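When reading the values below, keep in mind they use all heavy atoms of this one structure, side chains included, and skip hydrogens, waters and symmetry mates. Whatever order the structure lists ligands and atoms in, that order sets their numbers, starting from 1. All figures in this text were calculated on a predicted structure; none of them were measured in a lab.
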Amino acid sequence: MLDVRHLTYTTVDGTTLLKDISFQVAPKAIVTLMGPSGSGKSTLLRTLNRLNEPAPGTVWLKERDITTIPVVELRRAVGMVFQSAALFDGTVADNVRYGPALLKQRLSDAECVALLAQVGLPAELLERNIGLVSGGQAQRVAFARALANQPSVLLLDEPTSALDPAATLMIEQLVRDLRDRLGLTFVWVTHNVAQARRVSDRTLLLVNGIVADWGDTGHLLDDTHHDLVQRFALGEDVSQLPVQPGGPHANP
Ligand SMILES: Nc1ncnc2c1ncn2[C@@H]1O[C@H](COP(=O)(O)OP(=O)(O)OP(=O)(O)O)[C@@H](O)[C@H]1O
Ligand SMILES: [Mg+2]
């Protein structure tokens with residue numbers, strides 16, 4: 001579904017934030033991106049839908065170089081959900097209708113209710129002001145808003161880090177459901193090692209913009225021989241440790 005090939009990303013002021021990153025995301029996979037704060041997780045996620053512009057030929061969506069895909073089309077196919085739901089003032093319905101409205105399409109109430117049902121929200125919420133929904137509900141509305149664009153891939157940037165444990169588990173269940181029911185593919189940035197174990201098939205560990213390891217989540221986190229991964233999993237700050245690019249599980 002997604003193929004990242006030797007991606008290096010340098011800002012306009014010449015800082016290299018991502019170095020020679022390669023990994024693949026299979027259809028219907030849930031891949032987690034982990035790493036210390038400032039390691040480049042959000043930067044990497046944002047290059048996957050051109051919020052950061054990657055070099056031509058380094059990020060591919062279904063065998064198409066994403067730099068050749070018009071941005072509006074790309075961002076519908078590769079949607080994003082952020083840490084804070086980033087919803088607009090107005091009603092739940094206003095938010096769910098947003099993506100199609102950009103294409104001058106108006107979703108009917110029934111279509112909006114169907115989208116709310118996809119994320120486990122009741123129809124009564126449709127006309128509720130966004131200021132009056134809970135944090136967990138708001139995050140579900142953000143998923144419904146992304147689903148309105150009929151995406152293939154959703155990029156999640158710490159979508160549960162502002163939620164309580166119960167709401168967090170509900171979002172994890174929602175993502176697995178969306179994968180199973182709609183066949184969606186997910187790239188999920190998380191700080192939470194336990195969450196990565198619960199939700200993901202494969203994990204990429206990023207340290208200082210370098211792939212420190214990449215592979216099957218269970219194998220990677222349980223490999224007691226990979227000191228860096230073990231120290232990260234125990235909550236140690238590994239950002240100053242030397243990184244062997246690719247890591248022992250790399251299988252590009
Ligand atoms: N446009 C930019 N120009 C220069 N530096 C940037 C830019 N965007 C991000 N950075 C820097 O790049 C590094 C990586 O940032 P990024 O937001 O990707 O980290 P992160 O892994 O998502 O961290 P966190 O876990 O705190 O969200 C940080 O040092 C950040 O300050
Ligand atoms: Mg981040």
Side-chain angles (χ1 to χ4, degrees), residues 2 4-23 25 30-55 58-59 66-67 71 74-75 78-87 135 138-139 142-143 146 153-163 165 168 171-172 175 186-200 202-215 217 220-221 228-247 250:
L2 280 172
V4 177
R5 302 181 193 159
H6 301 292
L7 167 70
T8 290
Y9 180 76
T10 302
T11 61
V12 279
D13 64 12
T15 316
T16 297
L17 300 181
L18 301 173
K19 295 168 204 124
D20 195 21
I21 291 181
S22 297
F23 66 105
V25 182
I30 301 174
V31 166
T32 39
L33 302 183
M34 286 201 287
S37 186
S39 58
K41 303 180 296 295
S42 298
T43 304
L44 174 56
L45 204 64
R46 293 164 60 88
T47 60
L48 303 181
N49 72 352
R50 295 178 64 187
L51 284 169
N52 293 329
E53 188 70 9
T58 57
V59 182
I66 68 164
T67 64
V71 180
L74 176 68
R75 295 199 188 138
V78 183
M80 199 151 185
V81 174
F82 301 92
Q83 173 179 353
S84 67
L87 299 168
Q139 205 51 296
F143 275 86
V153 180
L154 286 183
L155 308 176
L156 312 180
D157 198 348
E158 306 199 41
T160 66
S161 60
L163 301 182
T168 294
I171 293 292
E172 292 176 5
V175 167
F186 292 88
V187 184
W188 183 332
V189 171
T190 179
H191 268 108
N192 184 330
V193 173
Q195 179 166 70
R197 281 188 191 277
R198 288 192 296 268
V199 300
S200 69
R202 294 175 76 79
T203 289
L204 186 145
L205 178 64
L206 206 57
V207 177
N208 289 323
I210 297 169
V211 177
D213 210 349
W214 156 241
T217 301
L220 187 147
L221 291 172
L228 185 76
V229 169
Q230 291 307 309
R231 290 165 76 169
F232 174 75
L234 288 170
E236 197 176 316
D237 178 9
V238 298
S239 60
Q240 305 308 320
L241 296 180
V243 179
Q244 179 203 336

Under a 3.5 Å cutoff, is there a donor and acceptor pairing between the side chains of Thr190 and Asn192? no
As an exercise, state the distance from CE of Met80 to CG of Leu155, rounded to the nearest 0.5 Å. 5.5 Å
Would you check, one step at a time, whether the test side chain to side chain contact (heavy atoms under 4.5 Å, CB included) holds for Val189 with Glu158? CA-CA 5 Å; Val189 171; Glu158 306 199 41; 3.8 Å; yes
Side-chain H-bond candidate by donor/acceptor type, Thr168 with Gln195, under 3.5 Å: no
Protein N/O/S atoms under 2.8 Å of the Mg ion (ligand 2)? Ser42 OG
Yes or no on side chain to side chain contact (heavy atoms under 4.5 Å, CB included) for Thr58 and Tyr9, after CA distance, side-chain angles and deciding distance? CA-CA 10 Å; Thr58 57; Tyr9 180 76; over 6 Å; no
Identified side chain to side chain contact (heavy atoms under 4.5 Å, CB included) counterpart of Phe232 within the set Val207, Asp237, Val193, Asp213: Val193
Side chain to side chain donor-acceptor pair (under 3.5 Å) involving Thr47 - partner list, sequence neighbours excluded: none
Taking salt bridge (charged side-chain N to carboxylate O under 4.0 Å, His left out) as the test, write out the residues that go with Arg75, two or more places apart. none
Check the pair Phe23, Arg202 against side chain to side chain contact (heavy atoms under 4.5 Å, CB included), reporting the backbone distance first and the verdict last. CA-CA 10 Å; Phe23 66 105; Arg202 294 175 76 79; over 6 Å; no
In order of chain and number, which residues sit within 4.0 Å of ligand 1 by heavy atom? Thr11, Leu17, Pro36, Ser37, Gly38, Ser39, Gly40, Lys41, Ser42, Thr43, Glu158, His191
